[in-house]
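Worksheet for the structure shown next.
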Amino acid sequence: MASRARTDGIEIGGSTLQYMKKQKTVILRLGGYLMKYRLLLALALFMTATGNLFALVGPMLSGYAVDAIEPGLGRVDFGRVFFYARWMVLFYVAAASLSYMQTVIMVTISRRVVYQMRRDVFDKLLSLPVGYFDLHQTGDIISRISYDIDLVNESLSNDLVQMLTTVITVAGSLVMMVAISPPLVLVFVITVPLSAFITRFITSRTRPLFRKRSASLGRLNGYAEEMVTGQKAIKAYCGEETVTRQFRELNRDAVEAYYQAEYYGSTVGPMVNFINNLSLSLISVLGAFLYLSGMMRAGQISSFVLYSRKFSGPINEAANIVSDLQSAIAAAERVFGLMDQLPEAPDETGAVDLVKKPLRGNVSWQDVNFSYEPERQILHNLTFEAKAGEMVAVAGPTGAGKTTLINLLMRFYDADSGEIRVDGLELHRITRKSLRKSFAMVLQDTWLFQGTVYENLVYGQEDIPREKVIEAAKAAHIHSFIMQLPEGYDTVLKEDGTNISKGQKQLLTIARAMLQDAQMLILDEATSNVDTCTEHHIQAAMRSLMKGKTCFVIAHRLSTIRNADRILVIHQGRLAEQGTHESLIAQKGFYYQMHKAGKMGELV
């Protein structure tokens, strides 16, 4: 167990000194967000100071009211008592009003900060390379946007207000106690350092636990998101037991991490509270001696006791929110960790904008090598040429590198070596935005958003006439289905199109690709969810609509391969063969062997 604890400590953040530096950086970055609203923050600080000063007047007035009792006679000057009582009520009402307004202001500031943080995180996500999303669970990313930022919001709106109140109340109470009786203040010379030591000792050991808690919840959310998305496959393969067991383990780890963080974090409050009560006992004993010796009046002792409670109470509350602050800082660190990820490299100086340049669609690859990880190379010396207007089919076994070829062509990743050219221009000499707009792309994993059918079809180019949209829908053999929907093209699709079939979603994305004014087309297994007859019609329509445009097709079916002008056979990351269907059959090589064995599904 000791070994594991050390490993967790290193994994969570290394040495205490390193973590303190990280913590300071996180706090400064949060401060940067707060400083955008410095005027509101200054107003909140002013209200905090004024309200707490008003509240500090109460114990002094209470002491004056107690002194209205004449010692030994038992007579009470009720006039003086009511006079001081009225002023106490006024001061406490004013303090409560200012506290309320201060809370409203801080909630307003935290709302704006969180809005800006979420906006910055989302903008950052859009600038990150595809590789980041390949390596991180979707649920973990969503957890940072929602759960972690919510923790920061709660801390800014509640804990920060409490900390401001604590500083002013403690300082004001200390000044008043010194003014009343310096000897009694000596009690805090013992108790305050003891409270500080205990708080520092415990929090230094709970910091890593809160980071571990956030990480565990992120993993749990990521796994839950994956399982909810794949629930049909889970049921089809009867994997409920395995999924339940894995979720149970992750859930247990998350709950254990949460328990440890809260358990050890919650020990601070009771320990500090005990020391504060101990100080009150010492004050009572010492105050009694001072009263008997004539050095203090009863009213002064009463005021001092009330001030001591105001002095120690905020310290106790601050100790109680230390765990919340640690949790919020750990959450903010995860958020800033995402925001610090490197975006896609900027375009080279002088990169060409293909939108402003007539594009023919010639694509050539020369000795291209690529690996997602240094120890495992995916593509080896890939060399081929796709001429303008050609339909190029990419075939090969699963894992051969077909989709990787598309990733490199779209510059989702950059090749390790070699050159990829479009119309003679190396990809790095072309702006990413114009390169990607030069391709219309349909993926096997369809993506639709919550909106009307029409809005989904014209995504990214809203100025297309409805007549052209209908023409594309007819060509994709989806128009008749759309017209059967309750509102036709104005029917609202649910999120990710869950109220239509997978094949229909794919037809919609194909129609969307047809509408794009692009010189090149990529179909990554785009017809895998439609029947053979529909696919035949789609291919015919695509050939007509994409005439004169370069098409890259990754397909499962022989019909697509037969129609291709060129077939690239990728095997183990290398270009094994290329040619037309007939020429490859005549060569009697790898393609022919797979075709003869009737395993085209494995081949492509």
Side-chain angles (χ1 to χ4, degrees), residues 22-52 55 95-125 140-170 203 206-207 210-211 213-215 217-218 221 258 261-262 265-266 268-269 313-340:
K22 287 183 179 180
Q23 191 178 48
K24 181 179 179 181
T25 302
V26 170
I27 293 173
L28 289 175
R29 292 182 70 169
L30 283 174
Y33 278 97
L34 287 171
M35 285 300 102
K36 294 178 182 179
Y37 310 101
R38 55 176 63 88
L39 293 179
L40 283 176
L41 194 62
L43 181 60
L45 184 61
F46 171 77
M47 288 184 173
T48 300
T50 306
N52 280 277
S97 300
L98 289 171
S99 177
Y100 172 75
M101 288 187 287
Q102 168 223 44
T103 302
V104 171
I105 292 174
M106 289 306 302
V107 168
T108 301
I109 293 174
S110 68
R111 177 172 57 85
R112 294 181 181 180
V113 167
V114 167
Y115 170 82
Q116 188 61 47
M117 284 185 71
R118 281 211 175 97
R119 183 175 175 178
D120 291 346
V121 170
F122 194 78
D123 290 344
K124 183 67 176 186
L125 286 175
D140 182 60
I141 296 173
I142 294 174
S143 179
R144 300 188 191 209
I145 298 175
S146 57
Y147 172 75
D148 288 330
I149 292 183
D150 280 342
L151 282 181
V152 175
N153 177 32
E154 185 176 350
S155 181
L156 290 178
S157 59
N158 297 321
D159 299 337
L160 187 58
V161 170
Q162 188 60 52
M163 292 302 292
L164 291 172
T165 301
T166 296
V167 171
I168 295 170
T169 302
V170 168
T203 55
T206 56
R207 289 189 200 108
F210 285 102
R211 297 185 67 202
R213 183 182 75 170
S214 292
L217 289 173
N221 289 336
Y258 191 94
E262 293 296 328
S266 63
V268 178
I315 293 178
N316 185 42
E317 291 173 0
N320 285 327
I321 65 173
V322 162
S323 60
D324 293 335
L325 287 172
Q326 293 296 329
S327 180
I329 291 172
E333 186 178 349
R334 277 169 48 83
V335 173
F336 290 136
L338 191 155
M339 294 173 64
D340 290 339

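Numbers for residues simply follow the sequence, beginning at 1. Everything numeric here is computed off the predicted structure, so don't read it as measured data.
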For a quick test of reading the model, state the closest non-hydrogen atom pair linking [X] to [Y] and the distance between them.
| X | Y | value |
| --- | --- | --- |
| Val152 | Ala328 | CG2-O, 3.8 Å |
| Val26 | Ile329 | CG1-O, 4.0 Å |
| Arg213 | Leu151 | NH2-CD1, 4.3 Å |
| Ala95 | Gly51 | CB-O, 3.2 Å |
| Ala331 | Asp148 | CB-O, 3.4 Å |
| Ser110 | Val107 | OG-O, 2.9 Å |

task: Keeping the roles fixed (side chain from Thr50, backbone from Met47), state whether a donor-acceptor pair exists under 3.5 Å.
output: no
task: May I ask you to decide if Ala44's main-chain N or O and Thr48's side chain share a donor-acceptor pair within less than 3.5 Å?
output: yes
State, with a plain yes or no, whether a side-chain heavy atom of [X] is found less than 4.5 Å away from one of [Y].
| X | Y | value |
| --- | --- | --- |
| Leu338 | Leu125 | yes |
| Val121 | Arg118 | no |
| Asp340 | Arg29 | yes |
| Leu43 | Gln102 | no |
| Phe336 | Leu30 | yes |

query: How far apart are the C-alpha atoms of Val113 and Lys36, what are their side-chain angles, what is the distance that settles it, and do they pass the side-chain contact (heavy atoms from CB on, under 4.5 Å) test?
result: CA-CA 9 Å; Val113 167; Lys36 294 178 182 179; over 6 Å; no
[atom1] of [X] to [atom2] of [Y]: how many Å apart, nearest 0.5 Å?
| X | Y | atom1 | atom2 | value |
| --- | --- | --- | --- | --- |
| Leu40 | Leu45 | CG | CG | 12.5 Å |
| Tyr37 | Ile105 | OH | CD1 | 14.5 Å |
| Leu98 | Met101 | CG | CE | 4.5 Å |
| Met35 | Leu28 | CE | CG | 11.0 Å |

message: Whether Lys124 and Asp120 form a salt bridge (side-chain N of Lys/Arg under 4.0 Å from carboxylate O of Asp/Glu) is what I want to check.
response: no
task: Apply the test side-chain contact (heavy atoms from CB on, under 4.5 Å) to residues Asp140 and Arg334: give CA-CA distance (whole Å), side-chain angles for both, the deciding distance (0.1 Å), then the verdict.
output: CA-CA 10 Å; Asp140 182 60; Arg334 277 169 48 83; 3.1 Å; yes
